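Please read all numbers here as calculations on a predicted model, not as lab measurements. Each ligand, and each atom within it, is numbered from 1 in the order the structure gives.
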Amino acid sequence: MKDYGKGTACVQAGYRPGNGEPRQIPIVQSTTFKYDTSEDMGKLFDLEASGYFYTRLQNPTNDYVAAKIADLEGGTAAMLTSSGQAANFFAMFNICENGGHIVSSASIYGGTFNLIAVTMAKMGIDVTFVSPDCSDEELEAAFRDNTKLVFGETIANPALTVFDIERFAKAAHAHGVPLIVDNTFPTPVNCRPIEWGADIVTHSTTKYMDGHGAAVGGVIVDSGKFDWMAHADKFPGLTTPDESYHGIVYAEKFGKEGAFITKCTAQLMRDFGCIQSPQHAFILNLGLESLHVRMPKHVENGQAVAEFLSGHPKIKKVNYSGLPGDPYYELAKKYLPKGGCGVVSFEIEGGRAAAESFMKKLKLAAIETHVADARTCCLNPATSTHRQLTDEQLEAAGIPAGLVRMSCGLEDKEDLIADLKQALE
Ligand SMILES: *Cc1c(COP(=O)(O)O)cnc(C)c1O
């Protein structure tokens with residue numbers, strides 16, 4: 001929907017019904033699809049024609065929603081996956097196999113860190129982690145001849161660092177590889193990484209896109225800009241024949257705009273099957289219809305809570321890139337001029353015990369392993385996700401024992417602040 005704004009795309013992009021067709025996206029609750037002749041179906045198996053034959057690979061409901069997200073991010077093609085973990089795994093594994101190497105920001109979601117550092121390592125894929133704030137020399141030194149991609153998160157979960165997308169894109173392109181950006185926290189309402197040079201964008205749609213804590217899911221969006229053929233030797237999976245489809249070459253047959261997502265569907269969905277259910281895609285779409293209305297409210301609440309906490313005597317430190325004085329304030333002004341998200345983290349005086357008793361006293365914010373929901377929630381990593389670490393190990397990992405991560409929901413900010421105030425007293 002090129003001639004319309006992002007809000008209009010949130011509501012109407014992807015599914016455009018014809019005369020007499022359902023106004024709301026139909027849930028195509030069918031595992032399979034009917035054909036009149038074997039020849040018709042054979043063409044689909046050979047990727048000679050596009051269409052549906054089995055929901056493990058593709059389903060129309062998913063494709064409507066994927067098309068909406070591709071539109072929002074400014075990409076050419078997209079696919080939904082069963083979770084954000086599946087989206088990041090597919091996006092990377094589609095171009096980086098056994099013998100390959102990844103350059104990744106060290107400041108990323110714990111699940112993605114584990115995926116790359118442990119599980120993909122078992123598949124023979126190496127990684128070099130760099131600080132998102134590393135020098136140009138350190139970044140340059142991270143690349144190898146077998147590097148296939150660069151990875152980072154626009155706003156990292158949970159560290160809340162802001163990724164310098166343009167700088168990392170330039171470095172990736174100088175080495176003939178694409179930049180993959182996980183844009184879960186800002187969503188395309190607050191940042192569109194493709195405009196800053198990212199080639200592939202991923203999301204855990206479980207977070208703000210759904211926004212109601214109702215459906216786990218993920219998405220991969222291709223910018224359609226990376227020229228695989230210009231770096232053919234690095235990406236043989238896209239530039240040499242796929243014998244499982246009678247020798248088609250994805251980059252030739254589907255071009256820059258379609259090769260990445262077609263290969264990802266035809267090979268990885270076929271073999272791993274991490275498809276999102278059409279029911280979940282429908283729920284995700286309900287969330288997307290109000291994403292542009294909800295994000296400014298999450299930002300307003302996050303900013304108000306961050307400002308309140310930063311003036312409170314019992315709070316040692318607040319991390320929120322919308323606060324002047326935050327180390328990422330300048331980068332946020334560039335990449336997130338309308339604000340980032342509703343997630344704030346802060347350190348309470350008194351460490352683990354103080355954090356625990358503070359959270360117990362909160363009446364509105366629930367203790368949850370979740371973020372980016374309509375309902376405010378919070379978590380103390382030291383007593384939950386990172387409870388196996390000692391105070392010294394926590395400090396070394398940049399997660400002090402008194403750190404609380406709070407995801408500000410859509411409640412009235414006055415009530416959230418009053419709740420924090422009584423809990424701190
Ligand atoms: C939650 C999250 C993921 C993983 O997504 P799931 O949907 O839980 O699999 C990946 N990246 C980021 C930034 C996340 O916040």
Side-chain angles (χ1 to χ4, degrees), residues 62 65-66 69 73 78-93 102 104-120 129 132 149 151-163 165 179-191 193 198 200-221 268 272-277 280-281 283-284 287-288 291 295 298 302 319 321 328 335-336 340-345 368-373 377-379 381 384-386 399 405-409:
N62 293 23
V65 181
I69 299 171
E73 286 286 9
M79 66 194 281
L80 300 188
T81 56
S82 54
S83 67
Q85 284 299 112
N88 280 326
F89 173 57
F90 277 22
M92 292 188 273
F93 194 64
I102 292 169
S104 174
S105 164
S107 185
I108 55 173
Y109 177 63
T112 314
F113 191 94
N114 202 68
L115 166 67
I116 301 174
V118 181
T119 300
M120 291 178 79
F129 287 107
L149 66 95
F151 183 87
E153 285 176 17
T154 314
I155 302 176
N157 177 11
L160 304 180
T161 53
V162 177
F163 191 55
I165 301 170
L179 173 66
I180 302 180
V181 173
D182 181 330
N183 197 35
T184 297
F185 270 16
T187 83
V189 170
N190 285 337
C191 178
I200 290 138
V201 174
T202 59
H203 286 270
S204 165
T205 62
T206 316
K207 313 294 166 56
Y208 288 116
M209 283 194 169
D210 164 28
H212 298 80
V216 171
V219 68
I220 307 169
V221 181
L268 303 188
F272 291 106
C274 309
I275 194 83
Q276 186 166 133
S277 89
H280 276 192
I283 293 168
L284 166 58
L288 291 170
L291 184 64
M295 287 311 291
H298 282 294
N319 303 308
S321 62
Y328 298 96
Y335 293 109
L336 307 158
C341 62
V343 185
V344 181
S345 73
E368 284 172 32
T369 316
H370 187 46
V371 285
D373 190 342
C377 56
C378 63
L379 182 93
S384 58
T385 51
H386 294 67
I399 308 165
R405 180 186 69 186
M406 180 162 218
S407 169
C408 298

Which of the numbered atoms in ligand 1 are below 4.0 angstrom from a heavy atom of Asn157? 14 (C), 15 (O)

Residue and atom name of the nearest protein heavy atom (relative to atom 8 (O) of ligand 1), distance in Å to one decimal: Ser204 OG, 4.1 Å

Minimum-distance protein heavy atom relative to atom 4 (C) of ligand 1: Tyr109 CE2, 3.4 Å

Considering heavy atoms of the protein only, find what lies nearest to atom 6 (P) of ligand 1 and give residue, atom and distance to 0.1 Å. Gly84 N, 3.4 Å

Rounded distance [0.5 Å steps], CD1 in Ile69 versus OG1 in Thr205: 6.5 Å

Would you say the side-chain atoms of Tyr335 pair up with the backbone N or O of Val162, donor to acceptor, closer than 3.5 Å? no

Proximity winner for atom 9 (O) of ligand 1, if only heavy atoms of Gln85, His203, His370 are counted: Gln85

With heavy atoms of Glu153 as the reference, note each atom of ligand 1 found under 4.0 Å away. 13 (C)

Okay, side chain of Thr184, backbone of Ser204: is any donor-acceptor separation there less than 3.5 Å? yes

Would you mind running through ligand 1 and noting each atom that sits below 4.0 Å from a heavy atom of Gly217? 7 (O)

The protein heavy atom nearest to atom 7 (O) of ligand 1 is Thr206 OG1, 2.7 Å

Can you pull out the closest protein heavy atom to atom 15 (O) of ligand 1? Residue, atom name and distance to 0.1 Å, please. Lys207 NZ, 2.7 Å

From Asp210, Asp182, Thr369 - option closest to atom 13 (C) of ligand 1 by heavy atom: Asp182

Below 4.5 Å, heavy atoms only, C-beta onward: do Phe129 and Ile116 meet side chain to side chain? yes

